[in-house]
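Data first, discussion second: the structure below is written as structure tokens.
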Amino acid sequence: PTPIPDWGVQPAVKAAVIKVSTETGIAFSQFVVTGAVQVDWPDSCLGIYSGDRACLTAITPGFLVNMTAAGRQFEAHTNLDGSVIYWFEK
């Protein structure tokens, strides 16, 4: 993994925060990104598996984003441009 020191310039990281904010109802302004690293996911599911989607086995570049808001912790997995994002609460 490659650390992203200035995560704010990465559209995929911002997209992840927007998605989690929208889906949780927590205001975007309350989110703090605690870590963001560029990674190569092993598949199209970005390492997060669910019974409702099929995964292609193909290296998929993207980001691992950790964030907090309202006393809660979240982890998001994105593809490189942020058009695909899967997340969960820790």
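Treat the numbers as computed from the prediction; the structure is a model and nothing was measured. For the numbers below, each heavy atom of this structure counts, side chains included, while hydrogens, waters and symmetry mates do not.
- Checked against side-chain hydrogen bond (donor to acceptor under 3.5 Å, both in side chains), Asn66 has the following partners two or more places apart in sequence or in another chain: Lys90.
- Atom OH of residue Tyr86 and atom SG of residue Cys45 lie 5.5 Å apart, to the nearest 0.5 angstrom.
- For the pair Ala54 and Ser44, the tightest heavy-atom approach, listed with the atom from each and the gap, is O-OG, 4.2 Å.
- Taking both residues in full, the closest heavy atoms of Phe63 and Leu80 are given as CE1-O, 3.6 Å, listed atom of the first, atom of the second, then distance.
- Between Ile26 and Phe74, the closest heavy-atom pair is CD1-CZ, 4.0 Å.
- Ser21 places no side-chain N or O within 3.5 Å of a backbone atom of Val17 that could act as its donor or acceptor partner.
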Subject >> Derivation and outcome, side-chain contact (heavy atoms from CB on, under 4.5 Å), residues Thr68 and Phe31 >> reply: CA-CA 6 Å; Thr68 61; Phe31 280 82; over 6 Å; no

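- Of the possible donor and acceptor atoms, one in the side chain of Thr60 sits under 3.5 Å from a partner among the backbone N and O of Asp43.
- You'll find the side chain of Val13 stays beyond 4.5 Å of the side chain of Gln38, heavy atoms only.
- When all heavy atoms are compared, the tightest approach of Thr78 to Leu46 is C-CD1, 3.6 Å.
- With rounding to the nearest 0.5 angstrom, the CD atom of Glu89 is 4.0 Å from the CZ atom of Arg72.
- Checked against a 6.0 Å centroid threshold, the rings of Trp41 and His77 count as neighbours.
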Original post:
Taking it one step at a time, do Trp87 and Glu23 satisfy side-chain contact (heavy atoms from CB on, under 4.5 Å)?
Top reply: CA-CA 10 Å; Trp87 66 274; Glu23 293 184 4; 2.7 Å; yes

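- Between atom CD of residue Glu75 and atom CG of residue Leu64 there is a gap of 4.5 Å, rounded to the nearest 0.5 Å.
- Nearest heavy atoms, Ala15 versus Gly82: CB-O, 3.9 Å.
- The two residues Ile85 and Lys19 make their nearest non-hydrogen contact at O-CE, 3.3 Å.
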